[in-house]
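Report on the following structure.
We number each residue from 1, following the sequence as shown.
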Amino acid sequence: MADYDFPSDLIEAQRAFLAADARCEELAQQGPPATAIVEGTAAMPENLRQELEAARAERLRLISVLYGHPFWGEIPQSDWFAARMALREAAQS
């Protein structure tokens, strides 16, 4: 894997995205199983639904920050996948 010199704000954006993604997962796990909702045997509590909707909106906003960062214009598109994986690793260390 190539070495990349990620700007600190991009690493922080990746960390924020990972935290937001984990929050979405945590909230989703608090609700009833999706199968029960589809079957009509359970419903997502309104306060939890609103909190999950807000968390998902924040996660989507952070995706825009990540992919809209000028860094991606500095590397060939063919390297984007490797760079994304390296960014994720850098953010988790």
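The two residues Phe6 and Ala83 have their closest heavy-atom pair at CZ-O, 3.3 Å. Counting all heavy atoms, side chain and backbone alike, Pro45 lies closest to Pro32 at CD-CD, 4.3 Å. Nearest heavy-atom pair, Gln92 versus Leu18, reported as atom, atom and distance to 0.1 Å: CG-CD1, 3.8 Å.
Two residues are said to be in side-chain contact when any heavy atoms from C-beta on lie closer than 4.5 Å; Pro70 and Pro7 fail this criterion. Residues Leu27 and Arg56 fail the side-chain proximity criterion, which asks for heavy atoms closer than 4.5 Å. A heavy-atom distance below 4.5 Å is not found between the side chains of Leu52 and Gln30. Between Arg84 and Tyr67, the closest side-chain pair of non-hydrogen atoms falls below 4.5 Å. Taking 4.5 Å as the limit, some side-chain heavy atom of Ile63 sits within range of a side-chain heavy atom of Phe17. Side-chain contact between Thr35 and Thr41 is absent, with no heavy-atom pair separated by less than 4.5 Å. Side-chain contact between Arg23 and Glu51 is present, with at least one heavy-atom pair separated by less than 4.5 Å.
Of the inter-residue distances, the one linking Leu10 atom CG with Arg15 atom CZ reads 11.0 Å to the nearest 0.5 angstrom.
Placement of Leu60 and Val65 in two distinct hydrophobic clusters is found when ILVMFWY residues are connected by side-chain heavy-atom separations under 4.5 Å, directly or transitively. Note: the hydrophobic cluster containing Leu62 also contains Trp72 (ILVMFWY, side chain heavy atoms under 4.5 Å, direct or indirect links).
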Worked verdict on Glu25 versus Arg59 for salt bridge (Lys or Arg N to Asp or Glu O under 4.0 Å) | CA-CA 11 Å; Glu25 180 64 26; Arg59 181 177 61 183; over 6 Å; no

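Around CZ of Arg88, the count of heavy atoms belonging to other residues, nucleotides or ligands within 6.0 Å does not exceed 12.
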